[in-house]
Amino acid sequence: QQPVQSPQAVILREGEDAVINCSSSKALYSVHWYRQKHGEAPVFLMILLKGGEQKGHEKISASFNEKKQQSSLYLTASQLSYSGTYFCGTELGNYKLTFGKGTLLTVNP
Amino acid sequence: DGGITQSPKYLFRKEGQNVTLSCEQNLNHDAMYWYRQDPGQGLRLIYYSQIVNDFQKGDIAEGYSVSREKKESFPLTVTSAQKNPTAFYLCASSSSGELFFGEGSRLTVL
């Protein structure tokens, strides 16, 4: 079952912040985040293991709430290069990685 | 250079024909995956394999088949039983969680 992402799309001006959410109805072992630019392959951003840890990657960070089976991706002071479709992937501990439908992020000057 | 190579990049086929998409990796990864991408549907898992000679069905395996005879290779066959095969297909591999994706193969059924 695909995890549910929200919002489906978001438009920002350069320098603004955004949050993308991902939720699952099943107990998760890990949550992955990827970004895909138009016409390109998805690129790995970060992985979070169960335990409520938070990770960061430059101005992009994420959290994982194990009890709620939810993860959020935080984009701070967005740049034009952040534009793309963001996917969360969830894994139950069996190598089966299932992705959500994606969130289209557009950053305008 | 290490990476994942998918071929062909573009493929056209007539209805009723089987077609095989190639996926090769030289990253020495154990796990390999096939995803299908359609507009608005995200990435949907077709098949995945953790080790050689073993693979599992994903969420939309009907009409597809795979093999994993070598660690480096994980070909996907789209059979005539797949009712709506026109899509973008992505192969990926992994060794410690992070997925590395190939550039994809776009299949169009005429």
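Chain letters run A, B, ... following the sequence lines, proteins first, then strands; residues in each count from 1.
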Within a radius of less than 6.0 Å around CG of A:L80, do more than 12 heavy atoms belonging to other residues, nucleotides or ligands occur?
->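 Count over threshold, so yes.
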
Answer yes or no: are there more than 12 heavy-atom neighbours, outside A:K37 itself, under 6.0 Å from its atom NZ?
->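 Counting other residues, nucleotides and ligands, NZ of A:K37 exceeds 12 neighbours.
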
Enumerate the residue pairs fulfilling side chain to side chain donor-acceptor pair (under 3.5 Å) with a member in residues 2-18 of chain A, sequence neighbours excluded, ordered by first and then second residue.
->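 Every pair satisfying side chain to side chain donor-acceptor pair (under 3.5 Å) with a residue in residues 2-18 of chain A: A:Q5-A:T103.
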
How far does CE of A:M46 sit from CD of B:E98, to the nearest 0.5 angstrom?
->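 So the CE of A:M46 and the CD of B:E98 are separated by 11.5 Å.
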
Going from CE on B:M32 to OH on A:Y95, what distance comes out if it is rounded to the nearest 0.5 angstrom?
->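 Rounded to the nearest 0.5 Å, the CE-OH separation comes out at 14.5 Å.
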
Under 4.5 Å from any heavy atom of chain B - which part of A:F87 =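 The side chain, not the backbone.
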
What part of A:L97 is in contact with chain B, defined as an atom under 4.5 angstrom from a non-hydrogen atom: side chain, backbone, both or neither?
->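 Both parts, backbone and side chain.
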
Out of curiosity, does [Y] fall in the hydrophobic cluster containing [X] (side-chain heavy atoms, cut-off under 4.5 Å, transitive links)?
X: B:I51; Y: B:Y47; value: no
X: B:L27; Y: A:Y34; value: no
X: B:Y33; Y: B:Y89; value: no
X: A:F64; Y: A:Y86; value: yes
X: B:Y48; Y: A:F99; value: yes

Could you have a look at A:L104, A:N94, A:T85 and say which one has the most heavy-atom pairs with chain B under 4.5 angstrom?
->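 Heavy-atom pairs under 4.5 Å are most numerous for A:N94.
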
Chain A contact residues among residues 34-45 of chain B, heavy-atom distance under 4.5 Å |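 Counting heavy atoms that sit under 4.5 Å from chain A, the residues of residues 34-45 of chain B involved are B:Y35, B:Q37, B:G40, B:Q41, B:G42, B:L43, B:R44, B:L45.
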
Answer yes or no: is there a side-chain heavy-atom contact under 4.5 Å between B:F101 and A:F44?
->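 No; the side chains remain at least 4.5 Å from each other.
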
Which heavy atom of [X] sits nearest to which heavy atom of [Y], and what is that distance?
X: B:G97; Y: A:H32; value: O-CE1, 2.9 Å
X: A:A41; Y: B:G102; value: CB-O, 3.1 Å
X: A:Q36; Y: B:L90; value: NE2-CD1, 4.3 Å

Please look at B:L99 and chain A and tell me whether the side chain, the backbone, both or neither of the residue comes under 4.5 angstrom of a heavy atom of that chain.
->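 Both the backbone and the side chain of B:L99 come within 4.5 Å of chain A.
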
